[in-house]
Amino acid sequence: MKALNLITLLLIIIGGVNWLLVGAFQFDLVAALFGGQDGAIARIVYVLVGLSAIYQLIPFAKAMSSGEVAAERGRV
């Protein structure tokens with residue numbers, strides 16, 4: 001389960017950086033790397049980023065319901 005959390009978190013970070021580039025410079029890195037926004041691989045990456053965000057709602061909800069976020073536990 002930890003590996004899945006790390007993979008989905010990495011995909012969300014990739015998506016966030018991509019949106020930063022789109023917003024700041026009108027440059028879509030995923031599209032540039034994988035053949036345009038309509039390219040099959042680019043669409044797969046977009047879908048995986050979106051599914052990762054949805055998946056990460058589960059640990060986020062658990063952390064919020066317990067009243068303690070993992071970063072606040074003092075673990076590094």
Problem set entry | Residues which pass side-chain contact (heavy atoms from CB on, under 4.5 Å) with Leu20, listed by chain and number, not counting sequence neighbours | none
Problem set entry | side-chain contact (heavy atoms from CB on, under 4.5 Å) partners for Ile58, two or more places apart | Tyr55, Lys62
Problem set entry | Same cluster (ILVMFWY, side-chain, under 4.5 Å), Val49 and Leu51 | no
Seminar exercise, completed: Contacts of Phe27 meeting side-chain contact (heavy atoms from CB on, under 4.5 Å) (sequence neighbours excluded), chain-then-number -> Leu21, Phe25, Leu29, Ala32
Exercise. What residues form a side-chain hydrogen bond (donor to acceptor under 3.5 Å, both in side chains) with Asn18, not counting sequence neighbours?
Worked result: Asp28
Seminar exercise, completed: Excluding Trp19, membership of its hydrophobic cluster (Ile, Leu, Val, Met, Phe, Trp, Tyr; side-chain heavy atoms within less than 4.5 Å) reads Val22
Exercise. When Ile, Leu, Val, Met, Phe, Trp and Tyr are grouped by side-chain heavy atoms lying under 4.5 Å apart, directly or through other members, which residues fall in the same group as Ile12?
Worked result: none
Exercise. Should we count CD1 of Ile41 as having more than 12 external heavy atoms under 6.0 Å?
Worked result: no
Exercise. What closest approach, in Å, do Ala42 and Gly36 show between heavy atoms, and which atom pair accounts for it?
Worked result: CB-O, 3.2 Å
For this session: Is it possible for you to say whether Ile44 and Leu33 belong to one hydrophobic cluster, with membership spreading through side-chain heavy-atom contacts below 4.5 Å?
Result: yes
Problem set entry | Derivation and outcome, side-chain contact (heavy atoms from CB on, under 4.5 Å), residues Leu10 and Leu6 | CA-CA 6 Å; Leu10 177 64; Leu6 291 175; over 6 Å; no
Exercise. How far apart are the closest heavy atoms of Leu11 and Ser52, and which atoms are they?
Worked result: CD1-OG, 3.2 Å
Exercise. Which pair of heavy atoms, one from Gln37 and one from Arg43, lies closest together, and at what distance?
Worked result: O-CG, 3.4 Å
Problem set entry | Residue pairs passing the side chain to side chain donor-acceptor pair (under 3.5 Å) test where at least one lies in residues 2-13, sequence neighbours excluded | Thr8-Gln56
